[in-house]
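Notes to accompany the following structure.
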Amino acid sequence: MNATQEQLKLKLAQALVAAFGSDYTGVDPILVSASNPKFGDFQANVALSLSKKLGMQPRAIASAIVEKLDISDICDPPEIAGPGFINLKLQTSYLEAQLNAIKADPRLGVPTAKNPQKEIVDFSSPNIAKEMHVGHLRSTIIGDCIARILEFRGHDVLRLNHVGDWGTQFGMLITHLVDTYPDIGLMETSLGNYLHGDINIGDLVEFYREAKKKFDNDEEFRERSRQAVVNLQSEKEPFTTAAWTLICQASRKEFQEIYDRLDIELEERGESFYNRYLPKVVEDLEKAGLLEENQGAKCVFLDGFTNREGEPLPLIVQKSDGGYNYATTDLASLRYRIQEDQAKRIIYVTDAGQANHFAQFMQVAKKADWIPDDVELVHVPFGLVLGDDGKKFKTRSGDTVRLRDLLDEAVSRTRADLEARLTEEDREETEEFINNVADVVGISAVKYADLSQNRTSNYVFSYDKMLALKGNTAPYMLYAYVRNQGISREGNIDFENLGTDAKIILREDTELTLAKHLLQLDEVISEVEQDLLPNRLCDYLYNLSDKFNKFYENCPVLKSEEPIRTSRLMLCDLTARTLKLGLDLLGINVLERM
Ligand SMILES: NC(=[NH2+])NCCC[C@H](N)C(=O)O
C-alpha cells in the first residue's frame with residue numbers, strides 16, 4: 001500500500017465514522033485496486049460488507065459515506081457503481097504534483113522504513129573444499145537482492161555467509177594434506193600459526209575426492225582422520241588448526257572470485273564460529289526438559305514430523321559419539337544472532353530441500369523459548385535449477401557445472417552476440433568497450449534470469465532465453481535504459497537545473513498510465529521487503545518499460561512544443577532513473593551505452 005492509498009483509506013474510514021457514528025471506528029474500508037481500470041484506480045467495497053449490520057442497501061450506505069468523504073484534492077468526484085462499490089479515480093493534477101515532488105528525490109519517493117531494525121540475511125553459505133554449485137549461486141543472487149532492498153529501506157543489515165567449515169570431513173582433509181605434503185611444518189608467529197612448505201592444493205574438489213577415497217578404503221587413514229577431528233574440535237592442537245585454516249583459505253579464495261565477479265558483499269561467519277557454543281545448546285535443552293535419549297543420541301522429539309509408522313521424529317542435537325551436527329550449529333547460531341547481534345528478523349536463503357531442517361530447529365528453539373516475540377525467523381526457500389531436459393542442471397558429460405565456467409559461458413555468448421550486432425550495424429568499438437559490455441550484460445543476464453522467476457518454483461537454465469534481447473530479460477531491461485537515456489541526451493536539457501517552473505504535465509492516456517506506474521515503486525519495494533519475492537520488482541520494471549514504450553509510441557517527445565517537450569523529457573528521465581534504481585536493487589549495474 002503506498003502513501004496515496006493510505007491517505008484514501010484514512011479519509012474513507014473518517015467518512016464512515018462521520019456517517020454512521022463512532023461504533024464504526026476502525027472498520028476497514030476495504031480499499032483495493034479497481035477491478036477494471038475503466039472505472040478508475042481504486043474501489044472501496046466496505047458498503048457491501050456493512051449491509052447486514054446496518055440493515056441498509058449497500059448503495060445507500062455507499063452514498064452516505066460519499067457524502068461525508070472529502071478527497072477532492074486527490075480524486076475526481078467518487079462514483080457509486082454496481083451493487084455499492086465506491087469508485088475512485090485519481091486526479092490528473094494530483095498525479096502531476098506527486099511526480100513533480102519525486103523528480104528531485106534521489107530515492108524517487110521511496111521512504112525509508114518507519115522502524116528500521118537489525119536484519120540478518122544468511123545466504124550463499126557454500127561448503128569448504130566442495131564445489132560451490134548452482135544452488136549456492138541462487139542463494140547468493142537472491143540473498144544479495146534481499147539484502148540490497150532492506151539496506152535501501154534503511155535497515156541495519158548483516159549479510160552472513162554461514163559457510164560449512166566444520167565437521168568430520170575435515171579429519172580426512174587434514175590427514176590427506178599431511179600425507180600429500182610431508183615436508184610441511186608449523187610456524188608459530190605473533191600473528192598466529194600457519195603451515196609452511198611447498199603446498200599447492202590446486203583443485204580442492206579433486207583433493208576432496210582423493211581424501212574420501214582413502215578414507216573409504218584405508219583403516220589406518222581413517223583412524224588418523226578421526227584423531228584429527230578430535231584435535232581440531234578441541235581447538236588446542238596448533239598444527240591441526242593451522243592445517244584446517246590452510247584448507248579453508250584455499251576454498252575461500254575460490255569463493256571470493258565468484259563474489260567479486262557477482263559484486264557481492266558478505267561477511268564470513270562459518271559453522272566453526274559456533275563450535276564453542278554447542279555444548280551449551282544441549283545443556284540448555286536439557287534444562288528446559290526437552291532432551292531425550294534415543295539409541296544413545298540426544299534429541300528433541302518434534303510435533304508434526306512423523307516417520308512411516310506415524311511416530312514422532314526426533315531432531316538429533318548430539319550424536320551417540322558425542323559429536324554435534326548441522327542442526328545443533330543452527331540452534332547455536334540462532335541464539336548468538338538474537339542475543340549478541342540483536343537481530344529482529346533472521347532470513348535464511350536456501351533451496352527448498354532444506355525446508356524441514358529449518359522448520360525443525362526453529363520449532364525446537366520455540367519450544368525452548370529462545371525466540372522473543374519481537375524476533376521473526378524466515379526461511380526463504382527456492383526451487384531447483386534445471387537443464388533443458390527438465391533434470392537437475394548438469395554439464396553435457398553429467399558433471400556438476402562449475403560456477404566459474406557458467407559465468408564465463410554467459411559472458412562469452414554475450415560477447416559473440418555483441419560482435420555480431422556491431423558488424424551488422426557497421427559499428428566500431430574498442431576492445432575495452434566490448435569487454436565491459438559483455439561482462440556486465442552476461443553477469444546481469446544470469447542474475448536477472450534467476451530473480452525474475454518466482455523463487456519458489458524450479459527454473460530451467462537457458463543461456464538463449466536469458467540473453468535474448470526481447471522479453472523479461474536483463475539485456476532487454478538494460479537496453480530500455482540505454483534507449484531512454486538516448487532520448488534524454490538528444491533532448492539536450494539539463495535535468496538537474498531545470499528551474500522550478502519546469503513541470504510534468506499529463507495529457508494523454510499513455511502518459512497517465514506511465515505516471516501511475518512510476519508512482520508505484522514504493523509499494524513494490526515494501527512488498528518485496530515483506531514477502532521477500534524479488535520477482536515482483538522484476539515484473540514492475542518490465543511493465544515499466546512496456547508502459548514507457550507505449551507512451552513513446554503515442555507521444556512525440558523531441559518534436560513537441562514547450563512546455564510539453566520538457567515535461568515528456570522529464571518523464572523519460574524519471575523512467576530511466578526508476579529503471580536504474582530498480583536494477584541496482586537487483587544487483588545489476590546499468591550501462592550508458594551498449
Ligand atoms: N544457517 C544455515 N543453515 N545456512 C545455510 C547453510 C547452507 C549449507 N552450507 C549448504 O550448502 O547447504
Side-chain angles (χ1 to χ4, degrees), residues 117-125 127 139 143 146-147 150 155-167 267 269-294 297-307 311-320 322-382 530-532:
Q117 60 179 15
K118 181 76 171 242
E119 306 228 13
I120 290 181
V121 188
D122 173 325
F123 71 106
S124 193
S125 309
N127 301 316
S139 174
I146 290 174
L150 298 178
H155 295 293
D156 179 8
V157 180
L158 182 57
R159 300 157 157 259
L160 285 184
N161 199 2
H162 190 84
V163 293
D165 63 354
W166 206 242
E267 192 172 310
R269 199 198 272 165
E271 294 181 11
S272 63
F273 178 88
Y274 305 101
N275 181 40
R276 67 193 60 191
Y277 304 103
L278 300 175
K280 190 89 170 46
V281 167
V282 177
E283 217 179 287
D284 288 351
L285 287 173
E286 173 91 76
K287 274 192 210 145
L290 292 170
L291 216 58
E292 289 182 50
E293 288 244 346
N294 190 19
K298 293 188 174 152
C299 55
V300 178
F301 279 92
L302 298 158
D303 300 329
F305 292 95
T306 50
N307 64 13
E311 297 151 355
L313 275 180
L315 179 75
I316 297 178
V317 292
Q318 191 168 17
K319 294 181 279 182
S320 55
Y324 303 100
N325 58 24
Y326 189 44
T328 329
T329 306
D330 262 321
L331 283 166
S333 68
L334 178 65
R335 298 208 314 170
Y336 190 91
R337 291 167 183 186
I338 293 173
Q339 290 164 11
E340 304 302 320
D341 297 321
Q342 303 269 313
K344 293 296 172 221
R345 178 156 75 158
I346 309 176
I347 295 165
Y348 300 87
V349 188
T350 79
D351 61 285
Q354 296 197 39
N356 278 349
H357 162 73
F358 285 98
Q360 292 176 353
F361 83 76
M362 288 176 188
Q363 184 190 112
V364 169
K366 274 189 199 120
K367 277 193 173 159
D369 212 11
W370 291 344
I371 314 196
D373 289 341
D374 63 344
V375 173
E376 196 189 346
L377 307 179
V378 199
H379 177 220
V380 169
F382 53 79
Q530 281 312 309
D531 59 23
L532 310 172

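None of the values given here were measured: they were computed from a predicted structure.
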Identify the two heavy atoms, one from [X] and one from [Y], that lie closest to each other, and give their separation to 0.1 Å.
X: Y277; Y: A332; result: CB-CB, 4.1 Å
X: G143; Y: V349; result: CA-CG2, 4.0 Å
X: C299; Y: I316; result: CB-CA, 3.8 Å
X: A327; Y: H357; result: CA-CE1, 3.7 Å

E119 side chain vs I347 backbone, donor-acceptor pair below 3.5 Å: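 Side chain of E119 to backbone of I347, a donor-acceptor pair under 3.5 Å: no, none is there.
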Minimum side-chain heavy-atom gap [X]-[Y] below 4.5 Å:
X: V157; Y: I146; answer: no
X: S125; Y: T350; answer: no
X: W370; Y: V281; answer: yes
X: R337; Y: L158; answer: no
X: Q117; Y: D374; answer: no
X: V317; Y: L291; answer: yes
X: N294; Y: F301; answer: yes
X: F305; Y: L315; answer: no

Distance check, rounded to the nearest 0.5 Å: [X] atom [atom1] versus [Y] atom [atom2]?
X: E292; Y: L285; atom1: CD; atom2: CG; answer: 11.5 Å
X: E376; Y: I346; atom1: CD; atom2: CD1; answer: 10.5 Å
X: Q363; Y: K367; atom1: CD; atom2: NZ; answer: 4.5 Å
X: Y324; Y: L278; atom1: OH; atom2: CG; answer: 6.5 Å
X: H155; Y: K344; atom1: NE2; atom2: NZ; answer: 13.5 Å
X: R335; Y: D330; atom1: CZ; atom2: CG; answer: 13.5 Å

Could you walk me through whether L334 and F361 pass the side chain to side chain contact (heavy atoms under 4.5 Å, CB included) check? CA-CA 9 Å; L334 178 65; F361 83 76; 4.1 Å; yes
Which of parallel (below 30°), tilted (30 to 60°) and perpendicular (above 60°) describes Y348 and F358?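 Y348 and F358: tilted rings.
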Using the side chain to side chain donor-acceptor pair (under 3.5 Å) criterion, which residues pair with E271? Sequence neighbours excluded.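 Partners of E271 under the side chain to side chain donor-acceptor pair (under 3.5 Å) test: none.
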So, [X] and [Y]: side-chain donor and acceptor under 3.5 Å apart, yes or no?
X: Y326; Y: Q354; result: yes
X: N275; Y: S272; result: no
X: N356; Y: Q360; result: no

Determine, for D341 against R269, whether the closest basic-nitrogen to carboxylate-oxygen distance falls under 4.0 angstrom.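 Salt bridge present between D341 and R269.
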